[in-house]
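Bear in mind that the values here come from a model prediction, so they are computed numbers and not experimental data.
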Amino acid sequence: MEYWESLHRVVVGAGAYITDRQGRALLVNPNYRPHWGFAGGSVDEGEHPAQACAREVEEELGLTLPVGELLVVHWAGIREDRPYPLIHFLFDCGVIDADTPVKLQAEELDDYGFFTEQEAAALLPPWAHDRLCAAAAARAAGAIRYLPPVSAG
């Protein structure tokens, strides 16, 4: 047991890359941080990242979407607001119509919208915008992208 307690710890997160038919990404505006992001969150004990993604999409958006291929794996370093590194899995949750009814989780989210990569650059921190661009490229290429750590992960 001592060995396991001595190991390095990481936080695991999962998110959904959802686009409309014009290729704009669905982003959410959480009320607990100063920037927009993907629907998603932490992986709970007993679930794997794809399960967490499906659960978070249903909780945050009221949508039941298939969780498809893994698009991006991002290793993000320690930050002021997070004492452990984060490994984030971003899954392809498909294409929906922009007018699909969404029921936002009022406790956590203030808004959502569909944005081009260029529009999203003004809403996302650079590391999250990197995830967005990597997800679009991965979907187009049919290949997973790995994003290495950055200092402000």
Side-chain angles (χ1 to χ4, degrees), residues 10-77 79 81-82 84-150 152-153:
V10 298
V11 176
V12 181
Y17 180 66
I18 303 165
T19 60
D20 66 7
R21 301 207 183 281
Q22 288 73 45
R24 299 175 303 166
L26 189 154
L27 300 176
V28 296
N29 185 12
N31 54 33
Y32 55 87
R33 67 174 175 225
H35 59 79
W36 291 63
F38 298 97
S42 298
V43 176
D44 288 344
E45 186 173 345
E47 66 183 359
H48 60 72
Q51 289 172 319
C53 180
R55 174 182 53 75
E56 290 284 349
V57 167
E58 189 165 350
E59 287 175 3
E60 293 184 351
L61 303 174
L63 299 175
T64 303
L65 299 175
V67 176
E69 296 297 318
L70 176 63
L71 296 174
V72 180
V73 177
H74 185 189
W75 179 271
R79 296 189 328 204
D81 62 339
R82 189 183 62 239
Y84 301 108
L86 168 75
I87 187 165
H88 188 272
F89 297 89
L90 189 58
F91 292 93
D92 192 341
C93 290
V95 177
I96 64 173
D97 291 322
D99 61 354
T100 298
V102 169
K103 183 178 179 190
L104 284 179
Q105 183 180 31
E107 302 82 36
E108 292 186 15
L109 302 176
D110 289 336
D111 201 2
Y112 79 98
F114 291 91
F115 303 94
T116 65
E117 287 180 25
Q118 190 172 28
E119 292 167 337
L123 301 172
L124 298 171
W127 50 265
H129 190 256
D130 289 346
R131 276 186 204 156
L132 174 65
C133 295
R139 182 190 273 177
I144 297 171
R145 301 284 193 222
Y146 169 71
L147 294 178
V150 294

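The heavy-atom pair separating L109 from N31 by the smallest distance is N-ND2, 3.7 Å. Residues N29 and H35 share a closest heavy-atom pair of OD1-O, 4.4 Å. Between W36 and L27 the shortest heavy-atom distance is CZ3-O, 3.6 Å. Taking every heavy atom of both residues into account, P85 and W75 meet most closely at CB-CZ2, 3.5 Å. In terms of heavy atoms, L86 sits closest to R131 at CD2-NH2, 3.8 Å. For the pair V72 and L70, the tightest heavy-atom approach, listed with the atom from each and the gap, is O-CD1, 3.6 Å.
In this structure, CG in D97 is found 8.5 Å from CG in D20, a value given to the nearest 0.5 Å. Expressed to the nearest 0.5 Å, how far CD of E69 lies from CD1 of I144 amounts to 7.5 Å. Between E108 atom CD and R33 atom CZ the span is 9.5 Å, to the nearest 0.5 Å. Remark: L132 CG to L71 CG distance equals 11.0 Å, nearest 0.5 Å.
In this structure, the side chains of C93 and C53 come closer than 4.5 Å at one or more pairs of heavy atoms. Side-chain contact between H74 and R145 is absent, with no heavy-atom pair separated by less than 4.5 Å. Contact of the L61 side chain with the L104 side chain is registered, since non-hydrogen atoms from C-beta on lie closer than 4.5 Å. Taking the side chain as every heavy atom from C-beta outward, Y112 and V28 approach each other to under 4.5 Å.
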Output a table of donor-acceptor pairs, distance under 3.5 Å, between side-chain atoms of residues 133-143 and any protein atom two or more places apart or on a different chain; print 'none' if there are none.
residue: R139; atom: NE; partner: D92; partner atom: OD1; Å: 3.4
residue: R139; atom: NE; partner: D92; partner atom: OD2; Å: 3.0
residue: R139; atom: NH1; partner: T19; partner atom: OG1; Å: 2.7
residue: R139; atom: NH2; partner: D92; partner atom: OD1; Å: 2.8
residue: R139; atom: NH2; partner: G94; partner atom: O; Å: 3.2

Identify each donor-acceptor pair in which a side-chain atom of residues 40-52 lies under 3.5 Å from a protein atom, sequence neighbours left out, and give them as a table.
residue: D44; atom: OD2; partner: R55; partner atom: NH2; Å: 3.3
residue: E47; atom: OE1; partner: R55; partner atom: NE; Å: 3.1
residue: E47; atom: OE2; partner: D44; partner atom: N; Å: 2.8
residue: E47; atom: OE2; partner: R55; partner atom: NE; Å: 3.2
residue: E47; atom: OE2; partner: R55; partner atom: NH2; Å: 2.6
residue: H48; atom: ND1; partner: A50; partner atom: N; Å: 3.3
residue: H48; atom: ND1; partner: Q51; partner atom: N; Å: 3.4
residue: Q51; atom: OE1; partner: H48; partner atom: N; Å: 2.9

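Taking the six-membered ring where the residue is Trp, F91 and F89 present parallel rings, their angle staying beneath 30° rather than reaching 60°.
Each of V67, T64, L63 was scored for a side-chain contact (heavy atoms from CB on, under 4.5 Å) with V57, with one residue passing: L63.
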Determine, stepwise, if the pair F38 / I18 fulfils side chain to side chain contact (heavy atoms under 4.5 Å, CB included).
CA-CA 9 Å; F38 298 97; I18 303 165; over 6 Å; no

Can you list the steps and then say if W127 with H88 is a side chain to side chain contact (heavy atoms under 4.5 Å, CB included)?
CA-CA 11 Å; W127 50 265; H88 188 272; over 6 Å; no

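In this structure, Q118 places its CD atom where only 12 or fewer heavy-atom neighbours from other residues, nucleotides or ligands lie under 6.0 Å away.
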